[in-house]
Number of protein chains: 2
Amino acid sequence: MSTIKDVAREAGVSISTVSFAINGTAPVAPETKKRIFETIERLNYQPNSAARGLVTRKSNNIGIFVPHPDSSIFTFSGNQLFANLLQGIGEVAGEKGYNLLLAWDRPDKEKPSKVIELARSGSVDGLLFLIPNHDHTIIDQLIEIKFPFVFMGNHYSDKPVDSVDIDNFQASYECASHLLKLGHKRIAFISPGPLDFLVSEDRYEGYSSALKDAYIEPDERLFYVGDDSKASGYRAMEHFFASGESPSAIVAGRDVQAVGILKYAKERGMDIPRDIAVVSFENSQLAEMYDITSYSTDLYVIGNNAAKMLFKLISRKKERQPQNVVIPSELFVRGSCGSVSRNDPLS
Amino acid sequence: MSTIKDVAREAGVSISTVSFAINGTAPVAPETKKRIFETIERLNYQPNSAARGLVTRKSNNIGIFVPHPDSSIFTFSGNQLFANLLQGIGEVAGEKGYNLLLAWDRPDKEKPSKVIELARSGSVDGLLFLIPNHDHTIIDQLIEIKFPFVFMGNHYSDKPVDSVDIDNFQASYECASHLLKLGHKRIAFISPGPLDFLVSEDRYEGYSSALKDAYIEPDERLFYVGDDSKASGYRAMEHFFASGESPSAIVAGRDVQAVGILKYAKERGMDIPRDIAVVSFENSQLAEMYDITSYSTDLYVIGNNAAKMLFKLISRKKERQPQNVVIPSELFVRGSCGSVSRNDPLS
DNA sequence: CTGAAAGCGCTAACAC
DNA sequence: GTGTTAGCGCTTTCAG
């Protein structure tokens, strides 16, 4: 592997001139520049990233911190979504000449967090978080060392943390309102994940606010904690119909849950949307596939904005108030909620 | 951020002793060692990766080269699969203290490949490839500079390249044979992707060999080039049934195609498996969901083996013959092929 | 067992 | 415009 020294020697200039030519950090005579670039080409020279990083104090990597791939949340309950996110991030990273370091935490909580290690060792210049809940241990440490990071699909109200997310409260409020407008009174709610996920909390509050604004008290029998499985949607239905207070509509937490609901309905000979109206979140391929009304959560846009924000943080000198960017999103009305005609679930 | 110097000063030893203690590269008195580690803890010291990389000539990163996330192949036509792969790779990388650098190529072919840049700049110590076809430009360069890399889900017969994959010829042969054994004579084939994907070629050859071994000549009217969409399965059916030679069974290239086939059949009132038997590949969640007989392609195992192989290459001093590791896989028989009873597609 | 010192490849003053 | 040179933080001989 050739070094900057080799290039300098071969081109008959000093190493600083080569460096200036490569980085544009000082004017170099066109003639000289040409000679240098020819030599670089000929020697297949590529600056050593470690050497460069050592002096610039930049790794040119940004870390993306995701849940452990073993954990089912990693799939985000629909394919394509993670690809969308990566693309959104990758586009801006690529522009800036940055690479993406993918990391998740060790299963054992004994060792220090991988994130902190990456930050402290200078392996990454900033971090993008895609975790559903709040890990204060990590956050506090990052804030303390003033390390740049942005949360995606999650936000903090009690700590100065930058984030990009949709407005889950509003989204859920609209979903419930849509069903209320269609005349439903007994509307059930399935959380997208465990209750300690911020998204679960926000969505529940949006849902219950909508009901309350319509003078309907949320019924705890019509509440179910879901997860990212089809089965949880199915089980939610079992739960609701065993509770004695059968719902006429459901706000599901994820498209995949809605599919479970559809299955339950089909088995019981219930018609969607006549007997049960369904509204969900994600607006994924599943929603299209099964003709489910669903509220979009565009991960491409979220990733894109989060990355842009992170780069601002990385290059910023002076402190600044953290921002919580809200990505506009909307309800995609399909057959499952009864306001438009319903297609076959297999179409 | 504290450096090794700070630790040395605070612990009252020289920096080399600190280095020895951290890396275990020389014996250090237990007493001294204890003092050093306490200081490290207190200062939150973490060795700078660039400085370390500069002298050790290791980045402790391995690159995973994937298709551009914009391209639909990125999704591998089923969720979870990419997560499985990452987990397989991540487990062995984590053990070795390596991080994962995710990269894909720029859409414009003008600039030099990102891969080569990563390799030459020392940003990664090895590369794992997850691309469906053969890019000789890149391969040749990597071979020339003796850079360690392994192909996943793909292999080379004409170049000395290490790879980990299932035996697609064999898999496809078995799929077709299974249908032949059930008495089918008119068996159609849908490729999993474009014909320049090696996997498409291998699968077609496996399929046609099985037919020929049963004295059946593959009918070109029963051949269709699919992709990773449900629609391509649907269109394949339109094609087959318009061709004048309706098939009684299909070897689909991907589970998602099989779903498209199911849709077509349902719309036309055809019964699966009575009117059309379907066998597919991937054995993904879709296959389970829709009760599709499918041949497994376990990405966890592929990733795991590829990573292990790559680390062997990285640490190896002397040259060695490239290996093509074949991961055992098998046909998961479900309702769609007619040899077991069929469940409802929504279960 | 521990310390002194060279040097990895590069950037960025600073001279000229 | 270009060259000289001092480090960046670490590992690793080599002495002692």
Side-chain angles (χ1 to χ4, degrees), chain A residues 1-37 39-40 43-61 97 117-125 145 315, chain B residues 1-37 39-40 43-61 97 117-125 145 315:
Chain A
M1 212 91 302
S2 43
T3 73
I4 197 173
K5 250 184 183 161
D6 301 323
V7 177
R9 182 172 22 78
E10 295 282 313
V13 292
S14 75
I15 59 167
S16 52
T17 307
V18 177
S19 177
F20 294 148
I22 292 173
N23 302 308
T25 38
V28 175
E31 186 98 344
T32 322
K33 199 181 268 174
K34 185 160 167 277
R35 196 147 30 90
I36 290 173
F37 282 121
T39 315
I40 287 177
L43 299 185
N44 278 316
Y45 169 71
Q46 181 79 39
N48 179 283
S49 62
R52 187 176 258 181
L54 181 55
V55 32
T56 59
R57 299 164 167 294
K58 289 243 159 296
S59 63
N60 283 304
N61 291 153
E117 205 177 290
L118 287 174
R120 290 212 131 94
S121 66
S123 302
V124 297
D125 300 336
I145 59 173
S315 59
Chain B
M1 211 92 299
S2 43
T3 72
I4 197 173
K5 247 183 185 162
D6 301 323
V7 176
R9 182 172 21 77
E10 295 282 313
V13 292
S14 76
I15 59 168
S16 49
T17 307
V18 177
S19 178
F20 293 148
I22 292 172
N23 302 307
T25 36
V28 175
E31 185 100 343
T32 322
K33 199 181 269 175
K34 185 159 168 277
R35 196 147 31 89
I36 290 173
F37 282 121
T39 316
I40 287 177
L43 299 184
N44 278 316
Y45 169 71
Q46 180 78 38
N48 179 284
S49 62
R52 187 176 259 182
L54 182 56
V55 31
T56 59
R57 297 167 168 293
K58 290 242 158 294
S59 64
N60 282 306
N61 291 152
E117 205 177 291
L118 288 174
R120 288 213 132 94
S121 66
S123 303
V124 298
D125 300 336
I145 59 174
S315 59

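What's counted below: heavy atoms across the whole structure, side chains too, no hydrogens, waters or symmetry copies.
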Going by heavy atoms in the side chains, are [X] and [Y] under 4.5 Å from each other?
| X | Y | answer |
| --- | --- | --- |
| Ile36(A) | Lys33(A) | no |
| Arg35(B) | Val13(B) | yes |
| Thr3(B) | Asn48(B) | no |
| Ile22(A) | Ile40(A) | yes |

Pick base, sugar-phosphate or nothing for Pro47(A), based on heavy-atom distances below 4.0 Å to the nucleic acid.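 Result for Pro47(A) = sugar-phosphate.
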Please classify the nucleic acid contact of Thr3(A) as base, sugar-phosphate, or nothing, using heavy-atom distances under 4.0 Å. sugar-phosphate
Rounded to whole angstroms, how far apart are [atom1] on [X] and [atom2] on [N]?
| X | N | atom1 | atom2 | answer |
| --- | --- | --- | --- | --- |
| Arg52(B) | dG7(C) | CZ | C1' | 18 Å |
| Leu43(B) | dG9(D) | CG | C1' | 15 Å |
| Asn48(A) | dG9(D) | CG | C1' | 14 Å |
| Ile22(A) | dA12(C) | CD1 | P | 12 Å |
| Lys58(A) | dG9(C) | NZ | P | 23 Å |
| Ile4(A) | dT4(D) | CD1 | P | 14 Å |
| Asp6(B) | dC10(D) | CG | C1' | 13 Å |
| Arg9(A) | dT2(D) | CZ | P | 19 Å |

Nucleotide nearest [X] when distance is taken to its side chain, options [options]:
| X | options | value |
| --- | --- | --- |
| Ser19(B) | dG9(C), dT11(D), dT2(C) | dT11(D) |
| Ile15(B) | dA5(C), dT2(C), dG3(D) | dA5(C) |
| Val55(A) | dT11(D), dG3(C), dG9(C) | dG9(C) |
| Arg57(A) | dC1(C), dC8(D), dC10(D) | dC8(D) |

Looking only at heavy atoms, which two atoms of Ser123(A) and Ser59(A) are closest? And how far apart? O-OG, 3.2 Å
Think [X] has a side-chain N or O under 4.0 angstrom from the OP1 or OP2 of [N]?
| X | N | result |
| --- | --- | --- |
| Thr17(A) | dG3(D) | yes |
| Asn23(B) | dT11(D) | yes |
| Thr32(B) | dC1(C) | no |

Upstream residue (5' side of DNA chain C) when Phe20(A) and Ser49(A) are each assigned their closest nucleotide: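 Comparing both residues, the 5'-ward one is Ser49(A).
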On DNA chain D, nearest-nucleotide positions of Leu54(A) versus Ala29(A): which is more 5'? Ala29(A)
Check: dA4(C) base within 3.5 Å donor-acceptor of Ser16(B) side chain: yes
Please evaluate the base of dT11(C) for a donor-acceptor partner in the side chain of Thr25(A) within a cut-off of under 3.5 Å?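 Counting by modelled atom types and ignoring angles, no donor-acceptor contact under 3.5 Å is found here.
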Any donor-acceptor N/O pair, Ser2(B) side chain to Leu43(B) backbone, under 3.5 Å: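 It does hold such a pair.
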